[in-house]
Amino acid sequence: MQKIKDLFSEKFVDNEIETRGWIYRWRESGKIIFIILRDSTGIIQVTVSKDMVGEEDFNSAKSAGIESSVIVSGILKRDERAPGGFEVLAKKFVLVGKSLNFPITKDKSDEFLLDMRHLWLRSREMTAILKIRSTVFEFLHDFFKREGYYEVQAPMFVSSAVEGGSTLFEVPYFGRKAYLTQSSQFYLETFIFSLENVYTVAPSFRAEKSRTRRHLTEFWHCEAEVAWIGNDEMMKIEERMIMHILDGVLKNNKEELILLKRDISKLEDITLPFNRMEYADIIKLGKDVGLDLDYGSDLGADEEYAITQKFEKPTFVIHFPKEIKPFYHRPDPQNPSVVLNHDLLAPEGYGEIIGGGERIFDLDELLQRIKEERLNPEDYSWYIDLRKYGSVPHSGFGLGIDRLVWWIAGLEHIKYAVPYPRNVRRLVP
RNA sequence: GCCGCCGUAGCUUAGCUGGUGGAGCGCUCGGCUGUUAACCGAGUGGUCGUCGGUUCGAAUCCGACCGGCGGCGCCA
């Protein structure tokens with residue numbers, strides 16, 4: 001039994017082979033049937049003719065519809081008329097699982113394909129994306145393993161918000177109210193006092209009615225928290241991490257990137273270090289380009305687009321005004337009106353993929369910021385506790401893994417980066 | 001939450017200055033021994049999103065509702 005990809009080799013030519021898969025294309029021309037067979041590794045043409053396979057097998061090949069699963073044995077031939085230059089001359093054709101009329105045909109709208117996602121996953125495009133996605137997760141874990149991190153797990157059911165603004169999904173919890181986590185950051189901070197360097201890969205949930213090409217209500221979140229380091233060192237870790245993943249995808253998924261028509265040179269040209277820009281300088285730069293930007297307003301989609309179009313590699317935007325960032329970010333001792341934080345913006349207009357920074361580690365400073373933001377300290381009692389018993393300077397970040405896949409694969413909308421995307425409307429399939 | 005847009009056959013759509021709904025793909029049948037999302041012939045398929053209004057007459061005009069899409073805000 002051979003995988004389809006392995007058949008594209010001189011060593012099998014004129015030899016007996018056997019392979020199996022699903023019918024990707026089917027056409028007949030008189031007494032010969034052409035089948036394009038697909039498996040997880042690729043596609044190959046199979047020709048079925050009556051005098052080669054006999055009446056019975058020929059009839060099952062004739063009745064087999066798109067996406068039928070089949071086992072074929074025969075002779076591998078070189079033939080320039082076949083796509084890819086090789087084809088299988090069938091001697092035996094076994095229909096394993098019949099396929100009814102496959103609902104996905106030539107014309108397909110975005111929405112229809114989302115409704116049919118459980119079947120559309122088989123498409124060459126989705127298969128390529130899923131392979132890239134698999135590599136991204138693999139090299140993400142690989143990076144942390146190499147750098148000596150511990151992987152930890154935080155709860156998905158939580159009792160309150162990490163930050164005030166975001167909307168939480170409420171779920172009934174034995175007569176009480178619970179919420180689905182929107183970030184594991186606070187829990188990660190609890191682990192650093194024993195494990196020092198920790199990370200987690202888990203879903204986060206946001207009940208925002210966002211309708212943009214980069215928002216989902218459920219997304220895969222990689223978060224890390226590191227003891228004893230500051231904002232600058234955190235950024236260096238992150239850029240190494242992104243480079244490691246990029247290298248992994250470029251090494252393992254060239255074929256998939258090509259199939260997706262990704263401009264690979266744009267990824268290959270990225271080198272360390274990434275760009276760094278002060279928030280204040282962005283505002284100045286924005287004014288020069290004619291954007292309506294005031295110091296103290298958060299960067300909107302237009303601004304991010306303008307910035308990320310300008311640069312060929314990812315850009316850290318650092319030192320945001322503290323008012324527009326959550327209370328736990330540490331104000332810069334040199335200039336307490338800004339915080340020691342960073343957002344990482346992916347190039348080519350993709351925008352924010354990471355948010356991170358240094359956390360306040362002083363008890364009084366944290367209480368002060370909670371008070372300024374008019375939050376209730378009781379809601380953060382165990383988080384505040386961490387500043388009472390041997391607090392240390394520390395930093396962390398959150399990476400939107402789906403957004404990373406979205407950018408690397410060069411996709412139009414984040415929903416293509418995720419097998420079963422969830423947004424305010426979509427819960428099926 | 002705000003601003004735009006769209007619902008016609010299984011899918012993709014034309015018809016929208018009102019006068020009995022057309023096409024391509026799919027599917028069924030037939031033809032072809034080299035097709036490349038093949039081609040040729042025949043057939044199949046529609047309470048035009050729902051309800052109401054205007055009119056002699058509504059897919060078409062008006063209103064409400066339902067469903068969806070794109071963008072902004074929010075963020076990963």
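Predicted, not measured: the structure shown is a model, and the values here were computed from it.
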Please state how far atom [atom1] in [X] lies from atom [atom2] in [N], giving the value in whole angstrom units.
X: A:Lys325; N: B:A76; atom1: NZ; atom2: C1'; result: 11 Å
X: A:Leu140; N: B:A76; atom1: CG; atom2: C1'; result: 13 Å
X: A:Asn101; N: B:C25; atom1: CG; atom2: P; result: 16 Å
X: A:Ile324; N: B:C75; atom1: CD1; atom2: P; result: 9 Å
X: A:Asn341; N: B:A76; atom1: CG; atom2: P; result: 11 Å
X: A:Phe86; N: B:U35; atom1: CZ; atom2: C1'; result: 19 Å
X: A:Asp115; N: B:G67; atom1: CG; atom2: C1'; result: 11 Å
X: A:Gln182; N: B:A76; atom1: CD; atom2: P; result: 9 Å

Parallel, tilted or perpendicular, as decided by the 30° and 60° cut-offs, for the rings of A:Tyr380 and A:Phe186: perpendicular

Considering only the [atom1] atoms, how many Å lie between [N] and [M], rounded to the nearest integer?
N: B:G46; M: B:C11; atom1: P; answer: 13 Å
N: B:G43; M: B:C25; atom1: P; answer: 14 Å
N: B:U8; M: B:C48; atom1: C1'; answer: 4 Å
N: B:A23; M: B:C5; atom1: C1'; answer: 25 Å
N: B:C66; M: B:A37; atom1: P; answer: 45 Å
N: B:G1; M: B:U60; atom1: P; answer: 30 Å
N: B:U47; M: B:C51; atom1: C1'; answer: 13 Å
N: B:G26; M: B:G63; atom1: C1'; answer: 38 Å

Taking the side chain of [X] as its heavy atoms from C-beta onward, which of [options] lies nearest to it?
X: A:His413; options: B:C72, B:G70, B:U33; answer: B:G70
X: A:Ser29; options: B:G68, B:C32, B:A76; answer: B:C32
X: A:Ser210; options: B:C32, B:G34, B:G73; answer: B:G73

Short side-chain N/O contact to B:G71 OP1/OP2 from A:Arg211, under 4.0 Å: no

So what does [X] hit on the nucleic acid, given a heavy-atom distance under 4.0 Å: a base, only sugar-phosphate, or nothing?
X: A:Leu399; answer: nothing
X: A:Lys209; answer: base
X: A:Asn423; answer: nothing
X: A:Arg213; answer: sugar-phosphate
X: A:Arg403; answer: base

Backbone N/O of A:Gly349 and side chain of A:Thr308: donor-acceptor pair under 3.5 Å: yes

Side chain A:Asp39, main chain A:Gly42, donor-acceptor under 3.5 Å: yes

Sub-6.0 Å ring centroid separation between A:Tyr416 and A:Trp120: no

Show the distances under 3.5 angstrom between N or O atoms of the protein and N or O atoms of nucleotides 9-12 of chain B.
unit_1, atom_1, unit_2, atom_2, d
B:C11, O2', A:Asp107, O, 2.3
B:U12, OP1, A:Ser109, OG, 2.3

Near-parallel close stack of A:Phe219 and B:A76 base (under 5.5 Å, under 30°): yes

Between [Y] and [X], does any NZ, NE, NH1 or NH2 come within less than 4.0 Å of an OD or OE carboxylate oxygen?
X: A:Arg240; Y: A:Glu147; value: yes
X: A:Glu372; Y: A:Arg369; value: yes
X: A:Arg276; Y: A:Asp232; value: no

hbond_proxy A:Gln45 side chain to B:U35 base (donor-acceptor, 3.5 Å cutoff): yes

Side chain A:Glu87 and base B:G34 donor-acceptor under 3.5 Å: yes

Side chain to side chain, A:Ile71 and A:Glu18, heavy atoms closer than 4.5 Å: yes

Mate of B:G7 where both pairing distances stay under 3.5 Å, Watson-Crick or G-U: B:C66

Test side-chain contact (heavy atoms from CB on, under 4.5 Å) applied to A:Phe34 and A:Gln45, step by step: CA-CA 7 Å; A:Phe34 298 97; A:Gln45 175 160 288; 3.5 Å; yes

